Amino acid sequence: MAKRPARRPAPARVHSPAAPCPCGLDASYGDCCGALHQGRAAATTAEQLMRSRYAAFAVRDAAYLLRSWHSSTRPPELSLDAGIRWTGLDVLGGTGGSAFHSEGTVEFRAHYVLDGAAGDQYENSRFTREGGVWVYVDAVPEPGR
């Protein structure tokens with residue numbers, strides 16, 4: 001089997017504050033996920049955090065992804081693939097995760113293009129509060145895996 005060449009790490013992508021937010025909500029990046037990425041706001045729900053994490057992948061903000069990851073499951077570093085272009089997000093459902101909950105899940109499908117081919121990633125993610133702030137924990141294991 002041929003070995004795939006190593007991908008180069010992706011530098012942060014400049015995203016205009018006035019541009020539409022990559023998370024898919026009807027808001028500008030600066031008023032939506034950009035405010036979370038810059039620390040001007042904090043996610044009030046698990047879904048808002050998940051959307052902001054998707055947007056962080058889209059704009060290649062590895063520092064935000066690490067900051068918003070639970071301390072028990074956070075990797076020591078994160079290198080984002082420059083070859084992936086994230087193209088859309090579908091939120092499929094969830095449990096808990098409101099401003100009144102301490103845990104929740106968000107089920108989603110994220111769309112991307114890699115090497116000219118469209119693909120998608122499905123995940124049902126677990127979120128909890130750590131120090132009062134919503135953080136990503138991990139993926140809910142799929143039944144039978």
Side-chain angles (χ1 to χ4, degrees), residues 4 7-145:
R4 185 177 177 162
R7 294 259 177 213
R8 65 188 188 284
R13 182 181 281 166
V14 176
H15 199 76
S16 167
C21 193
C23 81
L25 293 179
D26 189 21
S28 70
Y29 172 69
D31 290 337
C32 194
C33 294
L36 279 72
H37 296 170
Q38 296 169 0
R40 294 183 287 117
T44 57
T45 67
E47 181 180 328
Q48 186 181 27
L49 180 67
M50 186 281 304
R51 286 180 176 278
S52 73
R53 286 178 55 83
Y54 168 82
F57 276 102
V59 301
R60 299 183 181 132
D61 188 344
Y64 177 78
L65 290 165
L66 290 170
R67 283 194 314 274
S68 61
W69 212 312
H70 194 276
S71 61
S72 69
T73 56
R74 178 176 44 236
E77 60 184 42
L78 183 63
S79 179
L80 302 177
D81 188 337
I84 294 179
R85 183 172 51 90
W86 295 96
T87 59
L89 175 67
D90 297 321
V91 175
L92 306 172
T95 61
S98 78
F100 304 105
H101 292 103
S102 60
E103 295 181 338
T105 65
V106 180
E107 183 180 11
F108 67 92
R109 187 171 310 281
H111 304 275
Y112 62 85
V113 174
L114 175 62
D115 298 331
D120 63 68
Q121 176 181 331
Y122 168 83
E123 186 170 308
N124 190 9
S125 297
R126 288 190 314 149
F127 298 88
T128 192
R129 291 184 189 264
E130 186 172 52
V133 177
W134 281 109
V135 290
Y136 169 77
V137 179
D138 59 12
V140 174
E142 292 184 44
R145 287 197 173 197

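Note that the structure is a prediction, hence the values are computed from the model and not measured.
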How close do [X] and [Y] get, heavy atom to heavy atom, and via which atoms?
X	Y	result
His111	Leu89	CD2-N, 4.3 Å
Ala55	Cys23	CB-N, 4.3 Å
Ala62	Leu78	CB-O, 3.8 Å
Val91	Met50	CG2-CE, 3.6 Å
Arg67	Leu36	NH2-O, 4.5 Å
Thr44	Gln48	N-OE1, 2.6 Å

Using side chain to side chain donor-acceptor pair (under 3.5 Å) as the criterion, list what pairs up with [X], not counting sequence neighbours.
X	answer
Thr45	none
Tyr54	none
Thr128	none

Give every residue pair that meets the salt bridge (charged side-chain N to carboxylate O under 4.0 Å, His left out) criterion with at least one member in [range], sequence neighbours excluded.
range	result
residues 130-139	Arg126-Asp138
residues 27-50	Glu47-Arg51
residues 95-113	Arg109-Asp120

Would you indicate whether the side-chain heavy atoms of Tyr29 and Pro22 approach each other to under 4.5 Å?
yes
Ignoring hydrogens and geometry, is there a side-chain-to-backbone donor-acceptor pair from Asp115 to Ala117 under 3.5 Å?
no
Pairwise distance CZ(Arg60) to CG(Asp81) - rounded to 0.5 angstrom
8.0 Å
CG/Leu65 to CZ/Arg74 distance, rounded to the nearest 0.5 angstrom?
12.0 Å
Taking atom types as modelled, find out whether Tyr64 and Ser52 have a side-chain donor-acceptor pair closer than 3.5 angstrom.
yes
Please enumerate all residues that pass side chain to side chain contact (heavy atoms under 4.5 Å, CB included) together with [X], with sequence neighbours excluded.
X	value
Ala46	Val106, Phe127, Trp134
Pro76	none
Ser102	none
Ser98	Phe100, His101

Of all residues at least two apart in sequence or in a different chain, which pass the ring-ring contact (aromatic ring centres under 6.0 Å, His included) check with Tyr112?
Trp86
Report the residues that fulfil ring-ring contact (aromatic ring centres under 6.0 Å, His included) with Phe108, sequence neighbours left out, ordered by chain and then residue number.
none
